[in-house]
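Every heavy atom of this structure was used, including side-chain atoms; hydrogens, water molecules and symmetry mates were not. Each chain gets a letter, A, B and so on, in the order its sequence line appears, and its residues count up from 1.
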Amino acid sequence: MPAADDARDKSQDFIRDIVAADVRAGLAGGTVVTRFPPEPNGYLHIGHAKAICLDFGIAEEFGGYCNLRFDDTNPVKEDVEYVDSIKDDVRWLGFAWHDREYYASDYYERLYHYAEQLIGKGLAYVDSLSADAIREHRGTLMSPGKDSPHRTRGIEENLGLFRRMRAGEFPDGAHVLRAKIDMRSPNITMRDPVLYRIRHAEHHRTGRAWCIYPMYDFAHPLSDAIEGVTHSLCTLEYVDHRPLYDWVIAHTDTPGRPRQYEFARLNLSYTVMSKRKLLQLVEQKHVSGWDDPRMPTITGLRRRGYTPASIRDFCARVGVAKKENVIDVGLLEHCVREDLNRRAPRAMAVLRPLKLVLANYPEGQSEDMNVVNNAADPSAGTRKVPFSREIYIERDDFLEDPPKKFFRLAPGREVRLRNAYLVTCTEVIKNAAGEIVELRGTYDPATRGGDAPDGRKVKATLHWVSAAHAADAEVRLYDRLFTTEDPDGLAAKSAVDITTLLNPASLEALGGCKVEPMLAAAAPGSRYQFERLGYFAADPDGKAGAPVFNRTVSLKDTWARVAGQT
RNA sequence: UGGGGCGUGGCCAAGCGGUAAGGCGCCGGCCUUUGGAGCCGGUAUUCGAAGGUUCGAAUCCUUCCGCCCCAACCA
C-alpha cells in the first residue's frame with residue numbers, strides 16, 4: 001500500500017471517521033454534502049476558520065460539496081455588510097462554494113409549508129402567552145415546565161391563527177408558533193420550543209415580504225434537508241439541540257435525512273472569540289475596526305499579514321475533538337513564520353535608527369551591494385541595495401558596555417554588515433544628556449560582500465540601511481490584545497468588564513523608521529521579512545513614498561530570551 | 001438539585017484490551033553572512049481518582065472527583 005493511502009486510512013478525527021464509515025456504508029449514494037452556515041451578523045474570526053476548514057475540507061476530501069448558507073432568520077441583527085465580508089473571507093481563505101450560495105431566507109415559503117404540516121399533525125400550536133409567561137411556564141433546570149393553556153387549541157384554530165400571523169394581523173409578540181413536544185422533558189430544549197415569532201421588521205433580503213420569522217431550531221434542520229446536506233457539523237453547545245433537530249426532520253416530509261455532529265469550538269489564548277465581545281471592542285473604539293490587525297478576525301489577520309495557507313495549516317494542526325480547548329497563540333504564530341519563511345522576500349529595515357559613520361569610506365561615494373532576496377527560495381532572485389559612508393543600524397545592536405553574551409556591536413568590536421562589509425566601532429558620540437547620538441567607525445575594504453580574505457570570523461551580522469538612500473516609514477508593532485491568557489475566564493471570575501483586561505501596549509507605532517529604497521513603494525498587502533526582525537506586511541494606510549508596515553510576527557529571538565533571563 | 005458533553009505531559013492531540021503516535025513549547029548539541037532558517041537528540045513507568053474484571057486495562061465494569069453547556073419570541 002502506497003504511503004498516501006496509508007495516510008488517508010489513518011484516522012484524523014472522529015468526524016472524518018464517521019463520514020468515512022457513512023461513505024463505506026453507501027449513505028446518500030455516497031455523496032457527502034456539508035454546509036458552512038454563518039449568520040450574517042458579524043465578521044468571521046479564526047474560530048470560524050476552523051469550522052470552514054472542516055466543512056469545506058471534508059467535502060473536498062470525500063469528493064462532495066459544501067454549501068455556503070447564510071442563516072439569516074433574524075432580520076433585526078443581520079445585514080448585507082456582513083454577508084459581503086463573509087464571502088470575502090471564505091474566498092480569501094482559499095475555499096470555493098461555486099454556485100452553492102444559499103440563504104435560509106430563500107426557504108421561507110417552504111419552511112412555512114412545513115410549519116403548517118406540523119400544525120396539521122397536531123404537533124405544533126399557536127401560543128398567545130407573553131414572552132415572560134412562556135419563560136415562567138418553561139420551568140427551570142431542576143423543575144419541569146407547565147403546559148400553556150393554549151396547548152390544546154384545535155388544529156383548525158391553530159391553522160387560522162398561524163395564517164393570520166403571517167398575514168400581519170397581529171403585533172410583535174402577540175403569538176408564537178410552538179412545537180408540541182414535552183413540557184416536562186429534562187432537556188429544556190424539548191419543552192415546546194418556539195418555532196416562529198412575529199417580527200414586523202425589514203429583512204436584508206426579503207424586505208417586508210414576511211412578518212413572521214422561523215427560529216434557528218426549526219429553520220436549520222429543514223434547510224439542511226432541503227439542500228441535501230448529509231453531515232451537519234456544529235459546535236458543542238448544540239448537542240442538547242440534536243434531539244429537536246431530529247424531531248423536526250422526523251415529523252416533516254423532508255427530502256433528505258441530515259445528521260448533526262458536534263465538535264469543540266476553537267479558543268485562542270490572549271484573545272476573545274465571541275462576536276458580541278469583538279463587536280464591543282469595535283463599537284467602543286478599543287480597536288480601529290473589525291480589520292484591526294490585533295483582532296482575531298479573518299480580516300484582521302489578513303491585514304496583519306497572515307497568509308491563508310498559514311491559517312489553514314493552523315486549523316489542521318489544532319485538530320478536531322470534543323474537548324474544550326485553549327490553543328496557544330504561539331502555535332498560530334509558528335504557522336505563519338513557517339509559511340512566510342518560505343515565501344517572503346527579505347528586506348532590510350531599521351526600526352530605531354542609530355547613525356554609524358564610516359570614517360575611511362569616501363565621502364559622496366556609494367555602491368550597489370548584490371543581495372539575495374530569499375536564501376530559502378532561489379527563484380526569488382537578487383536585488384541591489386545601496387551602501388554608503390553613513391548608514392543606520394538598529395539601536396539595540398549597539399551596547400557601550402556589553403554583557404558577556406551580547407556579541408553585537410560595541411566599542412572596538414568588529415561585526416559584519418549583512419551583504420556588505422566588516423566594520424569596527426571606534427568612537428561613541430553623545431549629547432549633553434549623555435545619550436548616544438552617533439557612532440563612528442571604519443570598514444575593511446577587503447571584506448566586500450561580508451567575507452574576510454584572511455578567514456577571520458565575527459560573531460554578529462547586523463542589518464543596515466544607507467542613510468542617503470533610505471526611505472522613511474511607519475512601522476506598527478503588535479502585541480497580544482489582552483494581558484491575560486484567558487480573558488473570558490478571568491473577566492467572569494473577577495466580575496470585571498473584558499475591556500479592563502486589554503493590553504495597553506498591544507500597539508506601538510514607530511515613526512521615522514528607515515527602510516531600504518525598494519520598500520518605499522511596497523504595495524498594500526505585500527509581505528516581507530525584515531532581516532533579523534520579523535515578518536511585516538504593507539498596510540493600506542501607507543502611501544507611495546510613505547509606507548506603513550504591520551509586524552505580522554517577530555522572528556524567533558534567542559538573544560531576547562537570554563537577555564530576559566538575567 | 002434535572003439533562004447533556006468532556007477529563008492522556010505546559011498547550012493541543014492520536015490511541016478503542018497487548019504494554020503511551022505526532023505537533024507546538026521547553027532543554028541540550030551541530031551548523032550558520034538573519035542570535036533567523038535548517039539538522040540531531042532529550043522531554044508522560046503513565047492516561048482525573050479509587051476499586052474491580054483480565055495473563056494483560058488509557059482502553060471493559062463500578063463508584064467518586066473536576067470542568068463546560070442548557071431555563072432568548074438569538075444563532
For the side chain of A:Lys323, starting at C-beta, report the closest nucleotide among B:G15, B:A13, B:A37.
B:A13

Using a 4.5 Å cut-off on heavy atoms from C-beta on, say whether the side chain of A:Phe218 contacts that of A:Thr73.
no

Over 60° means perpendicular and under 30° means parallel, so classify the ring planes of A:Tyr213 and A:His203, tilted if in between.
parallel

Are any of A:His334's side-chain N or O atoms less than 4.0 Å away from OP1 or OP2 of B:C24?
yes

Please give the nucleotide sitting opposite B:C26 as a Watson-Crick or G-U wobble pair, both distances under 3.5 Å, or none.
B:G42

Rounding to an integer number of angstrom, what distance separates B:G15 and B:C74 when you compare their P atoms?
40 Å

Taking a pair as Watson-Crick or G-U wobble with both distances under 3.5 Å, which nucleotide is matched to B:C64?
B:G48

For the side chain of A:Phe407, starting at C-beta, report the closest nucleotide among B:G35, B:G36, B:G15.
B:G35

Pairing partner of B:U54 (Watson-Crick or G-U wobble, both distances under 3.5 Å):
none

Separation between the C1' atoms of B:C40 and B:C31, rounded to whole Å:
11 Å

When all nucleic acid strands are considered with a 4.0 Å heavy-atom cut-off, which category describes A:Tyr213: base, sugar-phosphate, or nothing?
nothing

For B:C27, take OP1 and OP2 only and decide whether either is under 4.0 Å from a side-chain N or O of A:Arg561.
yes

Which label fits A:Trp210 and A:Tyr112: parallel for a plane angle under 30°, tilted from 30 to 60°, or perpendicular past 60°?
tilted

Please state how far atom CZ in A:Arg532 lies from atom P in B:U32, giving the value in whole angstrom units.
18 Å

Classify A:Phe263 by what it touches in the nucleic acid, base, sugar-phosphate, or nothing, heavy-atom distance under 4.0 Å.
nothing

A:Arg16 CZ to B:A13 C1', straight-line distance once rounded to whole Å:
14 Å

Is A:Arg480 salt-bridged to A:Glu333, going by a charged N under 4.0 Å from an acidic O?
yes

Using atom C1' in both nucleotides, what's the gap between B:A72 and B:G10 to the nearest angstrom?
39 Å

How does protein contact run along nucleotides 67-75 of chain B, one letter per nucleotide 5' to 3', with B for base contact, S for sugar-phosphate only, - for none, heavy atoms under 4.0 Å?
-SBBBSBSB

Interatomic distance, A:Asp339 CG vs B:A37 P [rounded to whole Å]:
15 Å

For B:G15, the nucleotide meeting Watson-Crick or G-U wobble distances (both under 3.5 Å) is B:U8

Separation between the P atoms of B:G25 and B:A37, rounded to whole Å
9 Å

N/O donor-acceptor pair under 3.5 Å between A:Asn67 side chain and A:Arg69 backbone
no

Would you say A:Tyr196 and A:Val126 make side-chain contact, with heavy atoms under 4.5 Å?
no

Donor-acceptor under 3.5 Å (A:Asp217 side chain, A:Leu195 main chain):
no

State the syn/anti category of B:A71 according to its glycosidic angle, syn meaning within 90° of 0.
anti

Suppose you measure atom P in B:G48 against the same atom in B:U8; what distance do you get, rounded to whole Å?
6 Å

Between the side-chain atoms of A:Arg408 and the base atoms of B:G35, is any donor-acceptor pair under 3.5 Å?
yes

If you compare every side-chain N and O of A:Lys556 against the phosphate oxygens of B:U34 (OP1, OP2), does one of them come in below 4.0 Å?
no

Looking at every strand, decide which applies to A:Val326 at a 4.0 Å heavy-atom threshold: base, sugar-phosphate, or nothing.
sugar-phosphate

Touch check for A:Val320, heavy atoms < 4.0 angstrom, all strands: base, sugar-phosphate only, or nothing?
sugar-phosphate

A:Asn374 CG - B:A37 C1' separation (whole Å):
10 Å

B:C47 versus B:G9 - spacing of their P atoms, nearest Å
10 Å

Report the residue (A:Arg448 or A:Val239) whose heavy-atom-nearest nucleotide on RNA chain B is the more 5′ of the two.
A:Val239

Steps toward ring pair (Phe, Tyr, Trp, His ring centres under 6.0 Å) verdict (A:Trp559, A:Phe407)
CA-CA 10 Å; A:Trp559 165 244; A:Phe407 45 82; 7.6 Å; no

Atom CD1 of A:Ile327 to atom C1' of B:G10: distance rounded to whole Å?
13 Å

Is a side-chain N or O of A:Arg312 found less than 3.5 angstrom from the main chain of A:Cys53, in a donor-acceptor match?
no

So is A:Arg35 actually on top of A:Tyr102's ring, under 6.0 Å and inside 45° of the axis?
no

What distance, rounded to whole Å, do you find between the two P atoms, one in B:A50 and one in B:A58?
12 Å

From CZ of A:Arg312 across to C1' of B:G23 the rounded distance in Å is 19 Å

Rounded to whole Å, CG of A:Leu340 lies from P of B:G38 at a distance of 13 Å

Say you pick atom P in B:C61 and the same atom in B:U54; how far apart are they, in whole Å?
16 Å

A:Glu262 CD - B:G5 P separation (whole Å)
9 Å

